[in-house]
Amino acid sequence: QVQLVESGGGLVQAGGSLRLSCAASGVIYSIEVVGWFRQAPGKEREFVAGVGWSGGVTSYTDSVKGRFTISRDNAKNTVYLQMNSLKREDTAVYYCAAASNSGTFYSKLPFDYWGQGTQVTVSS
């Protein structure tokens, strides 16, 4: 089992920045990919970004490219999502998830473990 705990959400003005953290514990060696997802009210959950746990290869959805950066610190078993130039449409609950298998397209992987989510609200 893998446990994931997100932190760092909050209220920020448009154009501002936030950094989300995802701390992993448990059977860490089973993790291949860690991803960030988000779900806005009335919308489906969507893939935001992913990072390979060992190799560090990253992937982003088009709407956040150039604004968000995903990174990992293996020594701390933590994955970060640095979010800059935030827009109102980035408002959502952000979830961290871990996949036990890797693949070419992170967004299409089955993610086995999920955190509880952290709210990000961007005001105008």
Side-chain angles (χ1 to χ4, degrees):
Q1 290 287 334
V2 174
Q3 293 78 43
L4 303 170
V5 178
E6 303 100 332
S7 61
L11 174 65
V12 64
Q13 287 191 330
S17 299
L18 280 176
R19 188 177 80 157
L20 305 182
S21 299
C22 172
S25 61
V27 188
I28 303 296
Y29 66 82
S30 68
I31 298 175
E32 290 289 337
V33 174
V34 174
W36 283 98
F37 293 75
R38 65 186 179 187
Q39 187 166 21
K43 295 188 177 181
E44 293 187 355
R45 185 173 62 198
E46 66 169 342
F47 173 84
V48 176
V51 62
W53 189 253
S54 297
V57 175
T58 59
S59 174
Y60 299 91
T61 192
D62 286 346
S63 62
V64 307
K65 285 180 180 177
R67 299 189 299 123
F68 290 11
T69 302
I70 189 170
S71 62
R72 88 259 190 258
D73 184 335
N74 293 97
K76 296 182 178 180
N77 293 332
T78 299
V79 172
Y80 304 99
L81 185 67
Q82 178 66 44
M83 305 185 295
N84 299 329
S85 302
L86 282 161
K87 306 175 181 180
R88 288 191 64 185
E89 50 264 43
D90 295 318
T91 294
V93 177
Y94 283 72
Y95 298 91
C96 172
S100 301
N101 296 288
S102 190
T104 302
F105 301 103
Y106 290 168
S107 62
K108 298 186 183 301
L109 292 174
F111 283 82
D112 309 289
Y113 307 101
W114 293 82
Q116 81 287 352
T118 185
Q119 177 70 48
V120 172
T121 303
V122 183
S123 64
S124 58

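Given the structure is predicted, the values throughout are model-derived calculations rather than measurements.
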Open item on the list: Do Asn84 and Ser17 pair up side chain to side chain, a donor and an acceptor below 3.5 Å, judged on atom types alone?
Closed with: yes
Task: CZ-CH2 distance between Phe68 and Trp36, expressed to the nearest 0.5 angstrom - done: 11.0 Å
- [ ] Using distance alone, with no hydrogens and no angle criterion, decide if Arg38 and Tyr94 have a side-chain donor and acceptor under 3.5 Å apart.
- [x] yes
Open item on the list: When you measure from the side chain of Asn74 to the backbone of Asn77, do you find a donor-acceptor pair of N or O atoms at a distance under 3.5 Å?
Closed with: no
Open item on the list: For the backbone of Val57 and the side chain of Tyr106, can you confirm whether one donor and one acceptor N or O come within less than 3.5 Å of each other?
Closed with: yes
TODO: For the residue pair Glu46 and Gln39, establish whether any side-chain heavy-atom pair is separated by less than 4.5 Å.
DONE: no
Open item on the list: Can you confirm whether more than 12 heavy atoms, excluding those of Gln1, are under 6.0 Å from its CD atom?
Closed with: no
Task: Side-chain heavy-atom pair Leu20, Tyr80 within 4.5 angstrom cut-off - done: no
Open item on the list: Has Ser30 got a side-chain atom pairing as donor or acceptor with Ile28's backbone, closer than 3.5 angstrom?
Closed with: no
TODO: Walk me through it: do Asp62 and Lys65 pass the test salt bridge (Lys or Arg N to Asp or Glu O under 4.0 Å)?
DONE: CA-CA 5 Å; Asp62 286 346; Lys65 285 180 180 177; 3.0 Å; yes
Open item on the list: If we ignore hydrogens and angles and just use 3.5 Å, is the side chain of Asn101 paired with the main-chain N or O of Leu109 as donor and acceptor?
Closed with: no
Task: Arg67 side chain to Ser85 backbone, donor-acceptor under 3.5 Å - done: yes
TODO: Consider only side-chain N and O atoms of Glu89 and Thr91, and report whether a donor and an acceptor are under 3.5 Å apart.
DONE: no
Open item on the list: With a 4.5 Å cut-off on side-chain heavy atoms, are Ile31 and Tyr29 touching?
Closed with: no
- [ ] Give a yes or no answer on whether the side chain of Glu6 reaches the backbone of Gln116 with a donor-acceptor pair at less than 3.5 Å.
- [x] yes
